[in-house]
Student: 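Take this structure first; my questions come after.
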Amino acid sequence: MLGVFSSAIVSPPEELVAAGSRTPSPKTTSTALVDRFLQANSSAVSVQVGDNVTLAYTHQNESPLRQRSFAVKDEIFCLFEGALDNLGSLRQQYGLAKSANEVILVIEAYKALRDRAPYPPNHVVGHLSGYFAFIVYDKSTSTLFVASDQFGKVPLYWGITADGHVAFADDADLLKGACGKSLASFPQGCFFSTAVGELRSFENPKNKITAVPAAEEEIWGATFKVEGPAVLAARE
């Protein structure tokens, strides 16, 4: 799956900008990145949301245990990969039909976060049990919300393209060609929200997240780490 967002939606993270500056390497534009994804996946679906957002996904080479799905509801767009162990109980919690799948559940969870402010974002993601990565874009508020499970079972990466767009994908090689060293693995157990304005751990929301410069030979420009002792956030 692939999500590409212009600087009008999300400011390129300083840590990734710095990583690319330390070791300059070839990059391509966001348009070239999307084109490469579509050309490599003949069955891919691409959705353009206004002038600043492109979302794309494919079922090609999909793991049976990490299925990808896409949905739109009330101008909320969501790409989801993985599976939730507690989908049944969450359906009941959010008053959803038994046919509702993970991607619909995430949209409803995001809506609860948005409409019940100041509801803590870490509570919403912390209630999800299983392995997952998802990208939510709320067109009505131009808000981006991205999260990865606490075990990192579903790969997720982010980087900055040559024209300053922030891209998220489950394929590191895809992003490397477009982002050079302005690239990192999205940290497990964390979420990024433009409404919050920063990257945070949903398991340890008070702990600071720092970017450690990566070694020259590594594919990444930086590695994000949650500081301090682990203190699991309440999930009730």
Side-chain angles (χ1 to χ4, degrees), residues 1-42 44-58 60-61 68 70 77-81 133-139 142-148 154-188 190-199 209 211-224:
M1 64 181 181
L2 174 66
V4 183
F5 304 85
S6 81
S7 56
I9 303 299
V10 53
S11 299
E14 293 179 4
E15 298 90 343
L16 295 182
V17 173
S21 299
R22 278 193 300 272
T23 311
S25 52
K27 294 184 177 186
T28 60
T29 65
S30 55
T31 301
L33 170 62
V34 173
D35 288 346
R36 182 184 172 200
F37 178 83
L38 296 177
Q39 290 167 7
N41 301 281
S42 58
V45 176
S46 174
V47 178
Q48 184 75 31
V49 188
D51 297 327
N52 299 306
V53 177
T54 303
L55 301 172
Y57 75 102
T58 179
Q60 193 170 315
N61 300 322
R68 304 182 191 104
F70 171 76
F77 297 74
C78 181
L79 283 169
F80 182 96
E81 183 173 345
F134 64 78
I135 301 168
V136 170
Y137 176 65
D138 184 350
K139 184 181 178 184
S142 297
T143 298
L144 171 66
F145 192 101
V146 181
S148 173
V154 177
L156 185 64
Y157 311 94
W158 59 338
I160 306 170
T161 64
D163 51 345
H165 287 51
V166 178
F168 299 84
D170 57 357
D171 182 346
D173 289 334
L174 174 70
L175 288 190
K176 179 171 173 52
C179 304
K181 282 286 188 175
S182 295
L183 174 68
S185 177
F186 192 87
Q188 62 194 52
C190 293
F191 70 89
F192 176 84
S193 168
T194 54
V196 173
E198 63 180 357
L199 183 68
I209 299 175
V212 180
E216 253 331 287
E217 62 273 13
E218 291 190 43
I219 183 175
W220 324 115
T223 301
F224 288 87

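These figures come from a predicted structure and were not determined experimentally.
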Student: So, for Ala162 and Lys27, which heavy atoms are closest and what is the spacing to 0.1 Å?
Tutor: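 Shortest heavy-atom separation between Ala162 and Lys27 comes out as CB-CB, 3.7 Å.
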
Student: Please tabulate, one pair per line, all N/O donor-acceptor pairs under 3.5 Å involving side-chain atoms of residues 164-178, not counting sequence neighbours.
Tutor:
from   : atom 1 : to     : atom 2 : distance (Å)
His165 : ND1    : Asp163 : O      : 3.4
Asp170 : OD1    : Met1   : N      : 2.8
Asp170 : OD2    : Met1   : N      : 3.0
Asp170 : OD2    : Arg68  : NE     : 3.0
Asp171 : OD1    : Asp173 : N      : 3.0
Asp171 : OD1    : Leu174 : N      : 3.2

Student: Got Pro13 and Leu199 here, is their nearest side-chain heavy-atom distance under 4.5 Å?
Tutor: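 Not in contact.
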
Student: Of all residues at least two apart in sequence or in a different chain, which pass the ring-ring contact (aromatic ring centres under 6.0 Å, His included) check with Phe80?
Tutor: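 Phe80: no ring-ring contact (aromatic ring centres under 6.0 Å, His included) contacts found.
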
Student: Checking side-chain contact (heavy atoms from CB on, under 4.5 Å) between Tyr137 and each of Val10, Thr143, Ile9, which is the one that passes?
Tutor: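 Only one option passes, and that is Ile9.
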
Student: Can you tell if the side chain of Phe5 reaches within under 4.5 Å of the side chain of Val146, non-hydrogen atoms only?
Tutor: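 Not in contact.
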
Student: Which class fits the ring pair Phe70 and Phe77: parallel under 30°, tilted 30 to 60°, perpendicular over 60°?
Tutor: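 If you compare the ring of Phe70 with that of Phe77, the planes turn out tilted.
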
Student: Would the distance check show the side chain of Gln48 and the main-chain N or O of Gly50 forming a donor-acceptor pair, the cut-off being under 3.5 Å?
Tutor: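 Yes; at least one donor-acceptor contact below 3.5 Å.
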
Student: Any chance you could measure Cys78, atom SG, to Asp138, atom CG, to the nearest 0.5 Å?
Tutor: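 Answer rounded to 0.5 Å: 11.5 Å.
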
Student: Going by the rule side chain to side chain donor-acceptor pair (under 3.5 Å), which residues pair with Ser193 if we only count those two or more places apart in sequence or in a different chain?
Tutor: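 For Ser193, no residue satisfies side chain to side chain donor-acceptor pair (under 3.5 Å) once neighbours in sequence are set aside.
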
Student: List for me each residue that meets side chain to side chain contact (heavy atoms under 4.5 Å, CB included) alongside Glu198, sequence neighbours excluded, and say none if there are none.
Tutor: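 Only Val196, Arg200 meet the side chain to side chain contact (heavy atoms under 4.5 Å, CB included) criterion with Glu198.
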
Student: Mind checking what makes side chain to side chain donor-acceptor pair (under 3.5 Å) contact with Ser6, not counting sequence neighbours?
Tutor: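 Scan of Ser6 (side chain to side chain donor-acceptor pair (under 3.5 Å), adjacent residues dropped) gives Asn52.
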
Student: Taking side chain to side chain donor-acceptor pair (under 3.5 Å) as the test, write out the residues that go with Ser142, two or more places apart.
Tutor: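 For Ser142 there are no side chain to side chain donor-acceptor pair (under 3.5 Å) partners, ignoring immediate neighbours.
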
Student: State which residues pass side chain to side chain contact (heavy atoms under 4.5 Å, CB included) with Ser46; sequence neighbours excluded, sorted by chain then number.
Tutor: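 So Ser46 forms a side chain to side chain contact (heavy atoms under 4.5 Å, CB included) with Val34, Leu38, Thr54, Ala56.
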
Student: Can you name the residues that form a ring-ring contact (aromatic ring centres under 6.0 Å, His included) with Phe224, not counting sequence neighbours?
Tutor: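 In terms of ring-ring contact (aromatic ring centres under 6.0 Å, His included), with neighbours along the sequence ignored, Phe224 is linked to Trp158.
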
Student: First locate atom CG of Leu79, then atom CG of Leu55, and finally report the distance between them rounded to the nearest 0.5 Å.
Tutor: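 Between atom CG of Leu79 and atom CG of Leu55 there are 5.0 Å.
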
Student: Supply the atom-to-atom distance Ser148 OG to Phe192 CZ, rounded to the nearest 0.5 angstrom.
Tutor: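 The distance works out to 14.5 Å.
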
Student: How far apart are the closest heavy atoms of Ile160 and Pro12, and which atoms are they?
Tutor: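 In this case the closest contact between Ile160 and Pro12 is CD1-CB, 3.6 Å.
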
Student: My understanding is that only residues two or more places apart in sequence, or in another chain, count here; which of them pass side chain to side chain donor-acceptor pair (under 3.5 Å) with Ser185?
Tutor: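 Per chain and number, Ser185 pairs via side chain to side chain donor-acceptor pair (under 3.5 Å) with no residue.
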
Student: Over all heavy atoms of both residues, which pair between Leu156 and Ala147 is shortest? Give the atoms and the distance, please.
Tutor: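 Here Leu156 and Ala147 meet closest at CD2-O, 4.0 Å.
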
